[in-house]
Participant: 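Before I ask anything, let me first share the structure, which is written out below as structure tokens.
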Amino acid sequence: MSLRSASRRRAARSRRSRRPCAPTPEIQRQIIRVCEAYEAHLGAAGQDCRAGQPTPGNKAGGLSTLDEKSLGCIRKGGTRPIVEVLEQAARPTKRGALVMDTAGYDISSVTSMAAAGCQVIIFTTGRGTPTGNAIVPVCKVTANERTYRCMEDNMDADLSPIVRGEKSVPEMGRALVKEIESIANSRLTKAEAFGFSDIAVDHVCRYV
């Protein structure tokens, strides 16, 4: 085996070790069933989730495929093992990394987490959003320097120093934890200060 091949294999193993994983076959099957049920729901209406993805906004932000979008979601999910898979708005029974079967629609997703008892929602966004919730504070986080500069009134945390190489991930992680602590101790988020409150509940069909 060449050194280059060995290096590629080590890098691949390292990437796999950093991904969130299902610690049991049952949790793995539950995650797969969530995906299959959603595709079947759209298929019953003659739709394909891949036909409208990535969205126009995603493409404008630099994404070219659904695979790239999914890899971003996996990366943002962290590295802890997934301990529970929840139905929409169901309250967690375990502590750790969770997967909830919410809609991809931002406002519906936030509403579902609030209904499940979430105390602070950390909303990561590349292109920015003013959304908030009347029940739970929504902390908007971006690592996109342009988004923070143009939407500073709506963004709570700027992590772009990581991208510019000015700060490390652990350094910005500690800063973000302090931000979350401050919000949990009653400091208003930007959305709360502006009085932004969005709630969406799907009654007839699943939001896409």
Side-chain angles (χ1 to χ4, degrees), residues 15-45 47-50 52-55 58 66-126 129 131-142 156-157 173 176-177 179-181 183-184 189 191-192 196-208:
R15 286 194 297 271
R16 286 195 294 270
S17 68
R18 292 197 299 266
R19 293 180 303 187
C21 61
T24 68
E26 177 54 30
I27 289 179
Q28 183 182 30
R29 285 192 291 269
Q30 288 174 351
I31 294 171
I32 291 173
R33 283 197 292 267
V34 166
C35 299
E36 290 175 341
Y38 184 61
E39 290 191 350
H41 174 77
L42 290 178
Q47 301 297 317
D48 180 353
C49 68
R50 292 166 182 78
Q53 295 286 347
T55 66
N58 293 152
L66 186 56
D67 300 284
E68 287 181 345
K69 186 173 182 177
S70 298
L71 288 171
C73 293
I74 291 170
R75 185 67 176 173
K76 288 188 288 185
T79 59
R80 291 177 180 269
I82 296 167
V83 299
E84 190 172 23
V85 180
L86 301 166
E87 293 291 334
Q88 187 172 1
R91 285 182 174 268
T93 63
K94 298 180 180 180
R95 298 179 64 179
L98 311 171
V99 169
M100 179 180 284
D101 183 16
T102 72
Y105 178 40
D106 295 347
I107 298 173
S108 177
S109 178
V110 169
T111 301
S112 297
M113 289 187 280
C118 187
Q119 301 299 302
V120 179
I121 293 173
I122 314 305
F123 193 110
T124 58
T125 173
T129 176
T131 193
N133 187 275
I135 301 172
V136 179
V138 180
C139 174
K140 263 77 65 69
V141 177
T142 186
D156 295 283
L176 183 57
V177 168
E179 183 80 13
I180 296 168
E181 288 177 349
I183 293 170
T189 62
E192 289 176 300
F196 294 153
S197 174
D198 304 313
I199 292 179
V201 178
D202 48 340
H203 293 287
V204 178
C205 63
R206 299 291 301 274
Y207 286 116
V208 177

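The analysis underlying the following values was restricted to heavy atoms, covering all of them including side chains, and did not include hydrogens, waters or symmetry mates.
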Participant: Just by distance, do the side chain of Glu84 and the backbone of Pro92 share a donor-acceptor pair under 3.5 Å?
Facilitator: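 Side chain of Glu84 to backbone of Pro92: no pair is present.
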Participant: Got Asp156 and Glu179 here, is their nearest side-chain heavy-atom distance under 4.5 Å?
Facilitator: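 Yes, close enough: below the 4.5 Å cut-off.
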Participant: For residues Val136 and Ala114, report the shortest heavy-atom separation together with the two atoms involved.
Facilitator: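 Smallest heavy-atom distance, with atoms named: CG2-CB, 3.6 Å.
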Participant: When rounded to the nearest 0.5 angstrom, what is the spacing between OG1 in Thr93 and CG in Leu86?
Facilitator: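 Between Thr93 OG1 and Leu86 CG, I get 7.0 Å after rounding to 0.5 Å.
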Participant: Of the non-hydrogen atoms in Pro137 and Ile183, which two are nearest, and what is the gap between them?
Facilitator: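 Looking at all heavy atoms of both residues, the closest pair is CB-CG2, 3.7 Å.
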Participant: Going by atom types only, do Ser70 and Asp67 share a side-chain donor-acceptor pair under 3.5 Å?
Facilitator: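 On atom types as modelled, these side chains do not qualify, holding no pair under 3.5 Å.
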Participant: Does the side chain of Ile31 come within less than 4.5 Å of Ile82's, by heavy atoms?
Facilitator: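 Answer yes - side chains close enough.
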Participant: Looking only at heavy atoms, what is the nearest atom pair of Lys69 and Asn58, with distance?
Facilitator: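 Shortest heavy-atom contact: NZ-OD1, 2.7 Å.
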Participant: Rounded to the nearest 0.5 Å, what's the gap from CG on Leu66 to CG on Leu71? Could you check?
Facilitator: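 Answer rounded to 0.5 Å: 9.5 Å.
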Participant: Once you round to the nearest 0.5 Å, how far does CD1 of Ile121 lie from OG1 of Thr189?
Facilitator: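 That separation rounds to 10.5 Å.
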Participant: Drop me the distance from Met113's CE to Gln88's CD, to the nearest 0.5 angstrom.
Facilitator: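 That separation rounds to 10.5 Å.
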Participant: Any side-chain hydrogen bond (donor to acceptor under 3.5 Å, both in side chains) involving residues 114-126? Give me the pairs, sequence neighbours left out, ordered by first then second residue.
Facilitator: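 Found Lys76-Thr124.
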Participant: So, for Ala103 and Ser108, which heavy atoms are closest and what is the spacing to 0.1 Å?
Facilitator: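 Of all heavy-atom pairs spanning Ala103 and Ser108, the closest is CB-OG, 3.7 Å.
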Participant: So does Ile199 get a backbone contact from the side chain of Thr111, meaning a donor-acceptor N/O pair under 3.5 Å?
Facilitator: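 The answer is no, because no donor-acceptor pair under 3.5 Å joins these two groups.
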Participant: Closest approach of Asn133 and Ser197, non-hydrogen atoms and distance?
Facilitator: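 In this case the closest contact between Asn133 and Ser197 is C-OG, 4.0 Å.
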Participant: Does a side-chain heavy-atom distance below 4.5 Å link Arg33 with Gln30?
Facilitator: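 Arg33 vs Gln30: side chains touch.
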Participant: If you measure from CG on Asp101 to OG on Ser109, what distance do you get to the nearest 0.5 Å?
Facilitator: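 Output value for this atom pair is 10.5 Å.
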Participant: For Glu192, which residues count as a salt bridge (charged side-chain N to carboxylate O under 4.0 Å, His left out) partner, sequence neighbours excluded?
Facilitator: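 For Glu192, no residue satisfies salt bridge (charged side-chain N to carboxylate O under 4.0 Å, His left out) once neighbours in sequence are set aside.
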Participant: Taking NZ, NE, NH1 and NH2 as the nitrogens, is one of them in Arg29 or Glu26 under 4.0 Å from a carboxylate oxygen of the other?
Facilitator: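 Yes, this pair counts.
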Participant: Do other residues, nucleotides or ligands put more than 12 heavy atoms under 6.0 Å from Glu39 CD?
Facilitator: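 Yes.
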Participant: Distance only, no hydrogens: is a donor on one side chain within 3.5 Å (strictly under) of an acceptor on the other, for Thr131 and Asp198?
Facilitator: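 Their side chains do contain a donor-acceptor pair, which is all the 3.5 Å distance test asks for.
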Participant: Atom CE of Met100 and atom CZ of Arg91: how far apart are they, to the nearest 0.5 Å?
Facilitator: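 Here the interatomic distance stands at 10.0 Å.
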Participant: Is there side-chain contact between Val85 and Ile27, with heavy atoms separated by less than 4.5 Å?
Facilitator: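 With C-beta onward as the side chain, the pair touches.
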